[in-house]
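Chain identifiers are assigned alphabetically (A, B, ...) following the order of the sequence lines, protein sequences preceding nucleic acid strands; residue numbering begins at 1 within each chain. Computation of the quantities below employed the complete heavy-atom set of this structure, encompassing side-chain atoms and omitting hydrogens, waters and symmetry-equivalent molecules.
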Number of protein chains: 2
Amino acid sequence: MKIQNDGNIDFALILAKKGVSKTKFRIHLLELFYNKRSLSVKEVMNKSSNLINKVTIYRALECFEEKGLIHKVPSINNIIRYSLCNSDECIGSLHKHNHGHFICNNCNQTFCLENYKSPDIKDIEGFYINSLNLILEGYCKDCHLN
Amino acid sequence: MKIQNDGNIDFALILAKKGVSKTKFRIHLLELFYNKRSLSVKEVMNKSSNLINKVTIYRALECFEEKGLIHKVPSINNIIRYSLCNSDECIGSLHKHNHGHFICNNCNQTFCLENYKSPDIKDIEGFYINSLNLILEGYCKDCHLN
DNA sequence: AAAATAACGCAATTTTGTTGCGTTTATTTC
DNA sequence: GAAATAAACGCAACAAAATTGCGTTATTTT
Ligand SMILES: [Mn+2]
Ligand SMILES: [Mn+2]
Ligand SMILES: [Zn+2]
Ligand SMILES: [Zn+2]
């Protein structure tokens, strides 16, 4: 499922609904996520004007996560990645995602695997679950060939 | 399933079988993993003599992973964790684990969820998978109460 | 429009992980 | 089991990634 931004999405409105200030940068940041679904901090930096301060990026990402717009995607190469939330129930530290994410160990792109579902989360004795992630890593089509 | 070390496990032998040098520290490190299953780098540091150099720890962990003794466990708080491999097929960058891992966001302990299985890995069009991880995060019993 | 709140930029700092190189320890070969 | 070889170790320096404090600017609320 590819998200199409036909130019009619009102990013400022989405931010307002979630209680996020509508600054130039945050509108731009949300657009980035609607276009690409998953981004590492570095990718956000590269795709933003290099006039924007990295601290601002970190703080905006934290805010988006807190407000349930995006969620962290863990990975073994220890780079923070974020992906657009697909559930209205996401908020704060509560992010349970039922589809997998694939991370390419070469180009570092992250792909949402909409059709690859994680098992239904059940309460597990003694564990209070805030987030669920199914992570696949390896090489994407492009990077596998080289 | 709790792994019991009844004092009869020959860690040096296990290292030898995997082609890892039997140094004092590496024998100790393997014992740590047999006792606790999952450890962050920091936990390894704390549980080792503070005379041991951090570079040595990083290099030993890398070696263990390469030889298929342990594998990385990704997490959203961006701390490298390792867990004992449960399959003889693990080696190098190939680590597919069929059970979930729970990470406590407070005490940072990692727990193997032997009974919580990840879906059978299928080849996914365009993705060449090296590692699979099912990650649950939240609070453990102890930390939930406080 | 004024007051209050939140975001931003900059500089400094912290935390985490890495590299090179000389020394020590373990393994292999004889 | 001694010598040769290979691997592990420690140290110091470095690099990358993320965080903190604080004064300034922009956004939101009243
Ligand atoms: Mn989410
Ligand atoms: Mn493994
Ligand atoms: Zn790739
Ligand atoms: Zn805990």
Rounded distance (Å) that lies between atom [atom2] of [N] and atom [atom1] of [X]:
X: B/Lys42; N: C/dT15; atom1: NZ; atom2: C1'; answer: 8 Å
X: B/Met45; N: D/dC9; atom1: CE; atom2: P; answer: 14 Å
X: A/Asn77; N: C/dT18; atom1: CG; atom2: P; answer: 11 Å
X: A/Ile57; N: C/dA7; atom1: CD1; atom2: P; answer: 15 Å
X: A/Leu61; N: D/dT19; atom1: CG; atom2: P; answer: 11 Å
X: A/Leu29; N: C/dA7; atom1: CG; atom2: P; answer: 13 Å
X: A/Arg81; N: D/dA18; atom1: CZ; atom2: P; answer: 11 Å
X: A/Ile27; N: D/dA26; atom1: CD1; atom2: P; answer: 15 Å

Which nucleotide in the list [options] gets nearest to the side chain of [X]?
X: A/Phe25; options: C/dC8, D/dA17, C/dT18; result: C/dC8
X: B/Lys22; options: D/dC9, C/dT27, C/dG17; result: C/dT27
X: A/Asn53; options: C/dT16, D/dC11, C/dG9; result: C/dG9

Fill in: Sugar-phosphate only, base, or nothing, as touched by A/Ile79 at under 4.0 Å among non-hydrogen atoms
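If one applies the 4.0 Å heavy-atom cut-off, A/Ile79 turns out to touch nothing in the nucleic acid.
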For a quick check of understanding: with a heavy-atom distance under 4.0 Å over all strands, which category does A/Lys54 fall into, base, sugar-phosphate or nothing? base
- Basic-acidic side-chain contact under 4.0 Å: A/Arg37, A/Glu114: yes
Between the CD atom in B/Glu66 and the CG atom in B/Leu61, the distance rounded to the nearest 0.5 Å is 13.5 Å
Once rounded to the nearest 0.5 Å, what's the spacing between atom CG of B/Asn46 and atom CG of B/Leu39?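 Reported to 0.5 Å precision, the distance equals 10.5 Å.
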Any side-chain N or O of [X] under 4.0 Å from OP1/OP2 of [N]?
X: B/Arg59; N: D/dC9; answer: no
X: B/Asn78; N: D/dA18; answer: yes
X: B/Arg26; N: D/dC9; answer: yes
X: B/Thr23; N: D/dC9; answer: yes
X: B/Ser21; N: C/dA26; answer: no

With the side chain counted from C-beta on, respond yes when B/Ser48 and B/His28 share a heavy-atom pair under 4.5 Å apart, and no when they do not.
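They are in contact (side-chain heavy atoms under 4.5 Å apart), so the answer is yes.
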B/Val20 or B/Tyr58, whichever maps to the more 5' nucleotide of DNA chain C |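 The answer here is B/Tyr58.
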*asked:* Both A/Ile80 and B/Cys63 contact DNA chain D. Which one's nearest nucleotide lies toward the 5' end?
replied: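 Its nearest nucleotide lies further toward 5', so the answer is B/Cys63.
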*asked:* For the residue pair A/Thr110 / A/Ser38, report whether a side-chain donor-acceptor contact shorter than 3.5 Å exists.
replied: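 A/Ser38 vs A/Thr110: no donor-acceptor pair found between side chains.
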